[in-house]
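Read the structure below first, then the notes.
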Number of protein chains: 2
Amino acid sequence: MPRTADTKEQILDAAEALFSAHGIEGVSLRSLTKEAKVNLASVHYHFGSKEAVVKAAFARCIRPVNRERLALLDQLEKEAADGHLGVEAVLFALFSPTMKLARGSSERQSFVRLCARLYSEPADYLEPFFEDEFREVMKRFEAAFARALPGLPQHELRSRMRFAVGVMAHTMLDCGRTHNWTAGKGDETDAQAILASMVRFVAGGMLARPGRMTPAREEAVA
Amino acid sequence: MPRTADTKEQILDAAEALFSAHGIEGVSLRSLTKEAKVNLASVHYHFGSKEAVVKAAFARCIRPVNRERLALLDQLEKEAADGHLGVEAVLFALFSPTMKLARGSSERQSFVRLCARLYSEPADYLEPFFEDEFREVMKRFEAAFARALPGLPQHELRSRMRFAVGVMAHTMLDCGRTHNWTAGKGDETDAQAILASMVRFVAGGMLARPGRMTPAREEAVA
DNA sequence: CATGTTCTTAAACAAACGTTTGATTCAAGC
DNA sequence: GCTTGAATCAAACGTTTGTTTAAGAACATG
């Protein structure tokens, strides 16, 4: 391999593709370096460990997305006449950057699944790192949602934000699975339709009037 | 080990606890048999392979839940005056059986995380098995939702059912994580509150008026 | 009591894992 | 032209993986 082709990025490219296809534990450094067409030892030379590769791949995948989320939220708030955003606009800022990835060249579609997988991967060493990456996004969007949903108790708001993340994560996983979304060509029309459905759905949930269940149903759980 | 204590079930108990805590690939047969206090070879004697253990654990976990889902749907449909169920009732029948597990003795709380994990685990050999287990539930509930949501196109309904599953799966994962749900004691009040929030949220999404986004936002995705 | 089956056990198997080593190759600086 | 440092390479490190083996213990049935 020529020196000019950045080994580090070849490794990260392969890591994204393979991790998203087989999970972190399902990918060995040998299969990784074979896919990346680099030597086995070079991953330790450049990163130091497999954990570090996972973190680096995750960071390269999620950082631009979160940056765009914040930028989009800023832009929409600036465009709004009184600075007041509706729920659907906030959701659009939250969801659209990930869907933009799913739309792109089919090579980069694996980004989406990788991100979704890391939500559910039980790697202990990832949890603090993960929280760091999302702290600002969560804070900013919680504020935006609070403005868009006045009167909703904070605790309920946080629950609903978790539900929203659940919808997104699961959709991202499903997207990459067996293309059972529309009869679709898996291209931009697809991504737009899914995004629109998702925003509608979650907005409906966010706007629902909070309240308890009927006593009869509460009994049924006990 | 005495013969009376069923080795097979001890293995499945340990499998549930460990798989839900560390994922399938994160659990070796050695750690599994150590936790179960049985011999390493007995897992092959009783099950034949690790894959078979995973399937067996999954089946023992999910079958009673799905059975109860169908029974609850039957019961609610019978109780309803005209046989017509509201969205919230259908959602209750879908979600409450899993939440019932999350409430139970903290030992069996791991059930919930195991099920949630298997949604996102990329094991290829599980996918057809998984689909088999859920086929009838999905068919019955799609019909129930279709009756509760007349006029909603089938394609949109199926998308929204996927969203609903996403909410449930993600919530189940979060439940077992760091108990960041309420200041809570993790007991029945907790589970009831979460279930109520979930049903409200998803019902809001299911009932949302379908439609496209504004052209400006569609551009932003392209 | 002997027989046959079911189950458990310790030990070993080959393969794959993440990681480390030491030699080699290349490009740039003096 | 020699040196220096970064980067690559093949080979091996010691563990751990899922799986298999063969012998022994515990039970039921005759």
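Letters A, B, ... are given to chains in the order of the sequence lines, protein chains preceding strands, and every chain is numbered from 1.
- Distance A:Q10 CD to D:dA7 C1': 13 Å, rounded to the nearest Å.
- Heavy-atom minimum distance, A:F201 versus B:A164: CZ-N, 4.2 Å.
- Distance B:K34 NZ to C:dT9 P: 16 Å, rounded to the nearest Å.
- Across all their heavy atoms, B:E142 and B:L157 have their closest contact at O-CD2, 3.8 Å.
- B:V53 and B:L32 get closest at one heavy-atom pair: CG1-CD2, 4.3 Å.
- Residues from residues 40-59 of chain A with heavy atoms under 4.0 angstrom of DNA chain D, sorted by number: A:A41, A:Y45, A:H46.
- For the pair A:L29 CG and C:dT20 P, the computed distance is 11 Å after rounding to whole Å.
- Applying the 4.0 Å criterion to OP1 and OP2 of D:dT8, one finds that A:T7 has a side-chain N or O inside that range.
- Rounded to an integer number of Å, the gap from A:L32 CG to C:dA16 P is 17 Å.
- Closest to the side chain of B:N39, out of C:dA10, D:dA10, D:dT17, is C:dA10.
- Although no hydrogens or angles enter the test, the distance criterion places no donor-acceptor pair under 3.5 Å between the side chain of B:E35 and the main chain of B:A14.
- Side chain to side chain, A:N66 and A:R69 meet the donor-acceptor criterion of an N or O pair below 3.5 Å.
- Of the side-chain N and O atoms in A:S28, none sit less than 4.0 angstrom from OP1 or OP2 of C:dA16.
- One interatomic measurement links the two molecules: CD of A:E25 to C1' of C:dG18, which rounds to 12 Å at whole-angstrom precision.
- As rounded to whole Å, 10 Å separates atom P of D:dG18 from atom OH of B:Y125.
- Proximity of A:E16 to A:R60: side-chain heavy atoms (C-beta onward) are separated by under 4.5 Å at one or more points.
- If you measure from atom NZ of A:K8 to atom P of D:dA6, you get 13 Å, rounded to the nearest angstrom.
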